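This report refers to the structure that appears directly beneath it.
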Amino acid sequence: MKVSIGDDFDLLKIEKSGQCFRVGHGAEGEFRFITGRNVLCIKGGGGEYEVSCGEEEWRDVWTPYFDLGRRYSDITERNWNDEYIDAAVAYGKGLRVLRQDPWEMLVTFIISQRKNIPAISKSVEMIAGRYGEPLEAGGQSVNAFPPAEVLARVSEEELRECSLGYRAPYVKSAAEMASSGELDLKALESADDETLFEELMRVRGVGKKVANCVCLFGYGRTARVPVDVWIARAIEESGNSELCSRYGDIGGIMQQYVFFYAKNKGSEQKGKQNE
DNA sequence: CTCCAGGGTTTGC
DNA sequence: GCAAACCATGGA
């Protein structure tokens, strides 16, 4: 099926933006995304794309996933009268904040602490490969990310084999909480931001940064601003402690432009720093 | 070899 | 309350 997207939309930037860790590639510049039990193959550019799904799945699954109900060009084409922000949104034009599966985001960002992006991808992919259910993806073989009920039955030693290190008990405990109902990730979709944040903070291995990442990337709470080492550097470099947080309900989106800019600027002529 | 990675918990003051 | 030590592992 063909779809038109009349807004900022750059698949390569989205892949390299450090929010999704299981993006795959097919022939001729095709990208593969996974969420829940859905797999999407997509290729194209200039606003015109070929997608592997039908109309209903595009509307119900992938439109919210890519946050296509929001005009990011309203952000990137505006003058914010801030040198750092204006440079960041220009550099990152095409990015979007993805709305992904809350449980997968919780595990992924627990794993993310003190790991670089390739190492995070490797661990998450190994967990899906070993414990996830196989999905149909037009010939390719990919697995869904395993639900909490499944990971709760995996031993800590086995989890450790996915390069989780000291994070293995955190993931195990999160799986037990989420599968027993002690932590109701589904019900939290209707909670306010602060309640959601406080509930996520109850999980061992989850601090402010990881909780905010789950709020932003798993629940679409675009007011939440995760502060990692790159955002901290950007705050220091710009001399503005409110660099992202002053943008209210789109602070989290600003954070994504700033993260991408701070991490990647300066490395475009020296070859790839990411991979 | 050393240094660092989308941090968090524990410990000591 | 805050700062420092400590945590496993892989990549550069």
Side-chain angles (χ1 to χ4, degrees), chain A residues 13-23 88 91-92 95-102 104-127 129-130 155-175 177 183 197-222 224-238 243-245 251-275:
Chain A
K13 286 184 182 175
I14 291 168
E15 179 193 358
K16 300 297 182 190
S17 66
Q19 54 178 323
C20 49
F21 301 88
R22 299 192 61 209
V23 180
Y91 185 86
L95 284 172
R96 308 190 73 84
V97 172
L98 304 182
R99 172 75 181 268
Q100 304 178 73
D101 176 67
E104 181 176 346
M105 290 301 99
L106 177 58
V107 175
T108 298
F109 282 100
I110 286 174
I111 292 171
S112 77
Q113 60 180 264
R114 301 300 290 176
K115 273 182 179 292
N116 57 28
I117 290 173
I120 299 165
S121 291
K122 190 182 167 194
S123 284
V124 173
E125 199 59 63
M126 204 176 306
I127 289 175
R130 289 173 61 143
S155 72
E156 188 183 313
E157 290 69 29
E158 241 184 297
L159 285 174
R160 213 171 264 274
E161 292 170 15
C162 301
S163 300
L164 298 194
Y166 60 89
R167 311 162 189 83
Y170 297 161
V171 172
K172 173 79 171 169
S173 140
M177 287 178 73
L183 177 70
F197 177 79
E198 292 299 332
E199 278 296 294
L200 292 168
M201 288 280 287
R202 291 173 47 223
V203 180
R204 276 177 54 91
V206 175
K208 285 169 56 176
K209 190 269 176 183
V210 169
N212 276 326
C213 281
V214 179
C215 289
L216 180 60
F217 303 127
Y219 289 90
R221 305 303 174 93
T222 57
R224 307 303 302 198
V225 180
V227 178
D228 73 322
V229 292
W230 295 102
I231 298 298
R233 284 171 192 159
I235 287 172
E236 181 155 6
E237 186 185 334
S238 66
L243 186 61
C244 301
S245 56
I253 298 176
M254 285 306 199
Q255 174 274 161
Q256 198 58 16
Y257 288 114
V258 170
F259 171 81
F260 187 77
Y261 179 60
K263 185 175 187 306
N264 296 317
K265 76 184 166 81
S267 66
E268 59 268 0
Q269 270 144 338
K270 294 185 276 185
K272 290 181 263 190
Q273 175 182 322
N274 309 322
E275 192 124 20

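Chain A is the first sequence line, chain B the second, and so forth, proteins listed ahead of strands; every chain is numbered from 1. It should be emphasised that the depicted structure is a prediction, and the values quoted were computed from it without experimental measurement.
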ring centroid sep under 5.5 Å plus plane angle under 30, A:Phe259 with B:dG6: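 Here the ring of A:Phe259 and the base of B:dG6 are stacked, with centres under 5.5 Å and planes under 30°.
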Could you check whether [X] gets within reach of a base, just the sugar-phosphate, or nothing at all, counting any heavy atom under 4.0 Å?
X: A:Glu161; answer: nothing
X: A:Val227; answer: nothing
X: A:Phe260; answer: nothing
X: A:Gly207; answer: sugar-phosphate

State which residues pass side-chain hydrogen bond (donor to acceptor under 3.5 Å, both in side chains) with A:Glu161; sequence neighbours excluded, sorted by chain then number.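 Expected list: A:Arg130.
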What integer distance in Å separates [X]:[atom1] from [N]:[atom2]?
X: A:Arg204; N: B:dG8; atom1: CZ; atom2: C1'; value: 10 Å
X: A:Lys208; N: C:dC2; atom1: NZ; atom2: P; value: 10 Å
X: A:Lys115; N: B:dG8; atom1: NZ; atom2: P; value: 15 Å
X: A:Arg167; N: B:dG7; atom1: CZ; atom2: C1'; value: 9 Å
X: A:Gln113; N: C:dT9; atom1: CD; atom2: C1'; value: 12 Å
X: A:Glu156; N: C:dC7; atom1: CD; atom2: C1'; value: 13 Å
X: A:Asn116; N: B:dA5; atom1: CG; atom2: P; value: 9 Å
X: A:Leu164; N: C:dG10; atom1: CG; atom2: C1'; value: 13 Å

TODO: With P as the reference atom in both, quote the distance from B:dG6 to C:dA4 in angstrom, rounded to an integer.
DONE: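 It comes out at 23 Å once rounded to the nearest Å.
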* Asked: How far does the P atom of C:dG10 sit from the matching atom of B:dT9, given to the nearest Å?
  ->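 To the nearest whole Å, 23 Å.
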* A:Lys13 NZ: over 12 foreign heavy atoms closer than 6.0 Å ->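 For A:Lys13, atom NZ is crowded (more than 12 foreign heavy atoms under 6.0 Å).
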Side chains of A:Pro226 and A:Gln255: does their closest heavy-atom pair fall under 4.5 Å?
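Yes. Closest side-chain heavy atoms under 4.5 Å.
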| Pick the nucleotide of DNA chain B nearest each of A:Ile231 and A:Gly205; which residue has the one closer to the 5' end? |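 Closest to the 5' end, via its nearest nucleotide, is A:Ile231.
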On DNA chain B, does the nearest nucleotide to A:Val203 precede the nearest nucleotide to A:Ser17 from the 5' side, or the other way round? Give the residue.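 Taking each residue's closest nucleotide, the earlier one in sequence belongs to A:Ser17.
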Side-chain-base donor-acceptor pair under 3.5 Å for A:Tyr170 and B:dG7:
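Answer no: no donor N or O sits under 3.5 Å from an acceptor.
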Go through [options] for me and flag the one nearest to the [X] side chain.
X: A:Ser163; options: C:dT9, B:dC4, B:dG6; value: C:dT9
X: A:Val229; options: B:dG6, B:dG7, C:dG10; value: B:dG7
X: A:Arg160; options: B:dG6, C:dA8, B:dG7; value: C:dA8

With sequence neighbours excluded, residues passing ring pair (Phe, Tyr, Trp, His ring centres under 6.0 Å) with A:Tyr261:
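If we apply the ring pair (Phe, Tyr, Trp, His ring centres under 6.0 Å) test to A:Tyr261, skipping adjacent residues, the hits are A:Tyr84, A:Tyr91.
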- Message: Tell me whether A:Gln256 contacts the main-chain N or O of A:Ser17 through its side chain, where contact means a donor paired with an acceptor under 3.5 Å.
- Response: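 A pair under 3.5 Å: yes.
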Run the side chain to side chain contact (heavy atoms under 4.5 Å, CB included) test on A:Ile111 and A:Ile127 for me, step by step, so that the C-alpha distance in whole Å, both residues' side-chain angles and the decisive distance to 0.1 Å come before the verdict.
CA-CA 11 Å; A:Ile111 292 171; A:Ile127 289 175; 3.7 Å; yes
